[in-house]
Amino acid sequence: MSPFAEMHARVIASLAEMQAEGALPQGLSFDAVVVEPPRDPAHGDMATNAAMVLAKPSGLNPRDIAQTLAGRLEALALVASAAVARPGFLNLRLADGVWADLVAAVRNAPDYGRSALGHGSKVNVEYVSANPTGPLHVGHTRGAVFGDALASLLEFAGYDVTREYYINDGGTQVDMLARSVYLRYLEAHGRQVEFTDDTYPGDYLVKVGQDLKDRVGDAYLDKGEQVWLADLRVFATDAMMVLIRADLAALNVEMDRFFSEKSLYGTGRIEDALAVLDARGLIYQGTLEPPKGKLPEDWEPREQTLFRSTDHGDDVDRPVKKSDGAWTYFAPDIAYHWDKVERGYDQLIDVFGADHGGYVKRMKAAVSALSDGRVPLDVKLCQLVKLTKDGEPFKMSKRAGTFVTLRDVVDEVGPDVTRFTMLTRKNDAPLEFDFARAVEQSKDNPVFYVQYAHARCRSVLRKAEGIVPRDPALDDTAEFAVARKLAEWPRVVEVAARAHEPHRIAFYLYDLAQVFHALWNRGNDRPGLRFYQESDPQATAAKISLPMAVSVVISAGLGILGVTPAEEMR
RNA sequence: GCACCCGUAGCUCAGCUGGAUAGAGUGCUCGCCUCCGAAGCGAGAGGUCGCAGGUUCAAGUCCUGCCGGGUGCACCA
């Protein structure tokens, strides 16, 4: 248990005692009471807002509440002092032994920070979900890294997580892909071909065309679409999914499930999902108002089958069937989310590119309607990635020609650097990814800085191999600073998991690395602070708990981000 | 025209889902490696948190309205 969680429990217990003794009125909610690290370390180790949040509902002066609470907490062995500060904060300073105990407890506890927050509830995280029409590009890379790290984070926080990829293999873009492969097939037979606007010109289809030739020989030559289209749709998407899976593997992303859009057609799944909405009176025939502002040239009123998404927070109702009776792209998406709801998830998360922002409300409306509001859907939008090299824009791909692929990035800097760097920004902030800076070995490269801290820990521990750690005796402020930072880890995990924001883990690791490096640097001036004491195994035994604990937390944190901790910097 | 996201130090960005004197990196200024664990270290300057109201003990954080930037806006996916 982290010191913060323990102190929180103590504070709540003390408040309950005060209630029992009549110092506080009955019927108060303690939900808003928090124990957190103060911004300014001079205020102490922890602070609680209990007195301030209880002042109003209890009708008491916050100072009086704080004073009474202070007296109770000071009686605890782990509290060195409790001081009431101006607005009504209660600042706590903990006994030195608390921090030493924490370090001793963490040094062999790889599960430190793991949380029961999720209570094993089922979460489905859908990410990447790129059209199977080509290799993954940088935008997908960010989504892949973000989604994967979020999934790991939720696992670490006690959720039962499924990582899922929705294959958009049902729409017209698959016809385009199939025709493109056909062109490459003709090419493989030595024919001259021309790629039009509605085909994919990328080199990655050359091999697919050749593979097709190897498989069917000249059977499809000079034949119409009706002969080969259906076969090529399958053949081409299968080939693309092989490509995409390999791309994901290069990034160390492993999905639990690939869900095919195509599998929804002709099976009644879409009809079933819409029947659920219909049963709730949310499906009707109607004509939409033309959009305000600029009117599309070819706009004309058409009667369509509509989903009354406005009943669930959307701005306008959305068509599920086109005027010709075919499904819109929204219909299978509804069915897919209905499938997820039926599979019993307590919570759904979709990771989209920012260009799909306009899609969020209708998707939330659909899930809300399908689950009667029981299953929350959180949609995380990932902003664009701007690629640069030494500050200069970096655009062309070696492979795809028109766009930079995931492979281009991973080949250049490796999966670890790719992943960490992608998480050094909040998901909804644009990300500048500089190839040169990403591999630079300096303090302003967070990847290196965190890896370096871990490598230093491991280096010390290799030197001290065979020495059994003793309980640490902390006495320097830099040592306490590291211990305090370690104490924050479980809180960071929970806060990040609750907010669905894995970047918080990356920033925390940077902070931890920073206080650790600071302590290391102090060892320059004060040899007594060094972890490895050449001629004094006893002293070393007392010192190495700290680097052990730090490496435990950095490993765990990097593990969440999907980054391999470095044993040494080479 | 509407919706969503963003606006914080010269620059790139954090800010723990309402807490105390708003932080980090970089850049700038000054001081530090004949020896030590310097792919650096220490110190300093730098801010009307886009603007204006509102909510309350407390607002960078929540609400409203503007300003500026990005994204998306009937049967395409």
Any N/O donor-acceptor pair, A:Asp511 side-chain to B:A24 base, under 3.5 Å
no
Using distance alone, with no hydrogens and no angle criterion, decide if A:Arg362 and A:His312 have a side-chain donor and acceptor under 3.5 Å apart.
no
Go through B:C4, B:A77, B:C41 for me and flag the one nearest to the A:Lys361 side chain.
B:C4
At 4.0 Å (heavy atoms only), tell me whether A:Ala354 reaches a base, stays on the sugar-phosphate, or touches nothing.
sugar-phosphate
Taking atom types as modelled and ignoring hydrogens, do the side chains of A:Asp198 and A:Thr196 form a donor-acceptor contact shorter than 3.5 angstrom?
yes
Show each protein N/O and nucleotides 5-14 of chain B N/O combination with a separation under 3.5 Å, one pair to a line.
from	atom 1	to	atom 2	distance (Å)
B:U12	O2'	A:Arg425	NH2	2.8
B:C13	O2'	A:Arg425	NH1	3.4
B:A14	OP1	A:Lys426	N	3.1

Distance, rounded to the nearest Å, where A:Leu512 contributes CG and B:A24 contributes P:
17 Å
Look at all strands and tell whether A:Tyr166 reaches a base, only sugar-phosphate, or nothing, counting heavy atoms closer than 4.0 Å.
nothing
Looking only at non-hydrogen atoms, find the nearest pair between A:Leu288 and A:Asp317 and report the distance.
CD2-O, 3.4 Å
Within residues 304-317 of chain A: residues closer than 4.0 Å to RNA chain B (heavy atoms)
A:Gln304, A:Asp315
RNA chain B nearest-nucleotide lookup for A:Asn445 and A:Asn91: closer to the 5′ end is A:Asn91
Could you give the CZ-to-C1' distance, from A:Arg362 to B:A77, as a whole number of Å?
11 Å
Select from A:Arg491 and A:Pro301 the residue whose nearest nucleotide in RNA chain B is closer to the 5' end of that strand.
A:Arg491
Spacing of the C1' atoms in B:G53 and B:U48 (rounded, Å):
16 Å
Its glycosidic angle compared against 90° from 0, B:C35 adopts the form anti
Between B:C2 and B:A14, how far apart are the two P atoms, rounded to whole Å?
29 Å
Any donor-acceptor pair, under 3.5 Å, between the side chain of A:Tyr452 and the base of B:A39, if you only look at N and O atoms?
yes
Protein-nucleotide distance (A:Tyr359, atom OH; B:G72, atom P), rounded to Å:
16 Å
If we require ring centres under 5.5 Å and near-parallel planes under 30°, does A:Phe89 stack on B:A20?
yes
Counting side-chain heavy atoms from C-beta on, which of B:C41, B:C16, B:A20 comes nearest to A:Pro37?
B:C16
Can you tell me which stems RNA chain B forms when a stem means 3 or more consecutive Watson-Crick or G-U pairs under 3.5 Å?
B:1-7 with B:67-73, B:10-13 with B:23-26, B:28-32 with B:40-44, B:50-54 with B:62-66
Span that lies between the C1' atom of B:C49 and that of B:A59, in whole angstrom
11 Å
Quick check: closest heavy atoms across A:His43 and A:Pro38, and the distance to 0.1 Å?
CB-CB, 4.0 Å
I'd like to know if the side chain of A:Asp350 reaches the main chain of A:Glu126, judged simply by a donor and an acceptor atom lying under 3.5 Å from each other, with no hydrogens or angles considered.
no
Check every atom of B:A74, B:A24, B:A39 against the side chain of A:Gln441 and return the nucleotide holding the closest atom.
B:A39
What's the CG-P distance between A:Asp31 and B:G18, to the nearest Å?
14 Å
A:Phe259 and A:Tyr336: aromatic ring centres closer than 6.0 Å?
yes
Yes or no on side chain to side chain contact (heavy atoms under 4.5 Å, CB included) for A:Leu461 and A:Glu465, after CA distance, side-chain angles and deciding distance?
CA-CA 6 Å; A:Leu461 297 175; A:Glu465 197 159 6; over 6 Å; no
What about A:Tyr508 and A:Tyr510, are their ring centers closer than 6.0 Å?
no
Mind checking A:Glu289 for me? I need base, sugar-phosphate or nothing, with any heavy atom below 4.0 Å counting as a touch.
nothing
A:Phe4 six-ring face occupied by A:Arg491 cation (under 6.0 Å, within 45°)
yes
Got a donor-acceptor contact below 3.5 angstrom from the A:Asn91 side chain to the A:Gly44 backbone?
no
Which part of the nucleic acid does A:Tyr532 contact within heavy-atom distance under 4.0 Å: base, sugar-phosphate only, or nothing?
base
Are A:Arg308 and A:Tyr284 in a cation-pi setup, meaning NZ or CZ lies under 6.0 angstrom from the ring centre and within 45 degrees of the ring axis?
yes
Is the base of B:G72 stacked against the aromatic ring of A:His356, taking ring centres under 5.5 Å apart and planes under 30° as the test?
no
Between P of B:G70 and CZ of A:Phe352, the distance in whole Å:
24 Å
Of the listed nucleotides (B:C16, B:A77, B:G40), which one gets closest to any side-chain atom of A:Asn168?
B:A77
If you measure from the C1' atom in B:A24 to the same atom in B:G18, how many Å do you get, rounded?
23 Å
Atom-pair distance (CG on A:Asp350; P on B:C4), nearest Å
19 Å
Closest to the A:Val53 side chain: B:G19, B:G72, B:C36?
B:G19
With sugar-phosphate meaning primed atoms plus P, OP1 and OP2, does A:Thr172 contact a base, only sugar-phosphate, or nothing at under 4.0 Å between heavy atoms?
sugar-phosphate
Checking contacts here: which listed nucleotide (B:G40, B:A77, B:A20) is nearest the side-chain heavy atoms of A:Glu261?
B:A77
When the distance from NZ of A:Lys380 to C1' of B:C4 is rounded to whole Å, what number comes out?
14 Å
Taking all non-hydrogen atoms of both residues into account, name the closest pair between A:Tyr359 and A:Tyr329 and its distance.
CE1-CE1, 3.5 Å
May I ask you to say what A:Val174 touches in the nucleic acid, namely base, sugar-phosphate or nothing, with a heavy-atom cut-off under 4.0 Å?
nothing
Between the main-chain N or O of A:Ala478 and the side-chain N or O of A:Asp476, is there a donor-acceptor pair closer than 3.5 Å?
yes
Between A:Phe146 and A:His503, does the ring centroid distance fall short of 6.0 Å?
no
A:Gln347 side chain to A:His500 side chain, donor-acceptor N/O pair below 3.5 angstrom:
yes
Without decimals, in angstroms, what is the distance between A:Gln514 CD and B:G23 C1'?
10 Å
Per A:Asn524 side chain, nearest of listed nucleotides B:A3, B:A38, B:C16
B:A38
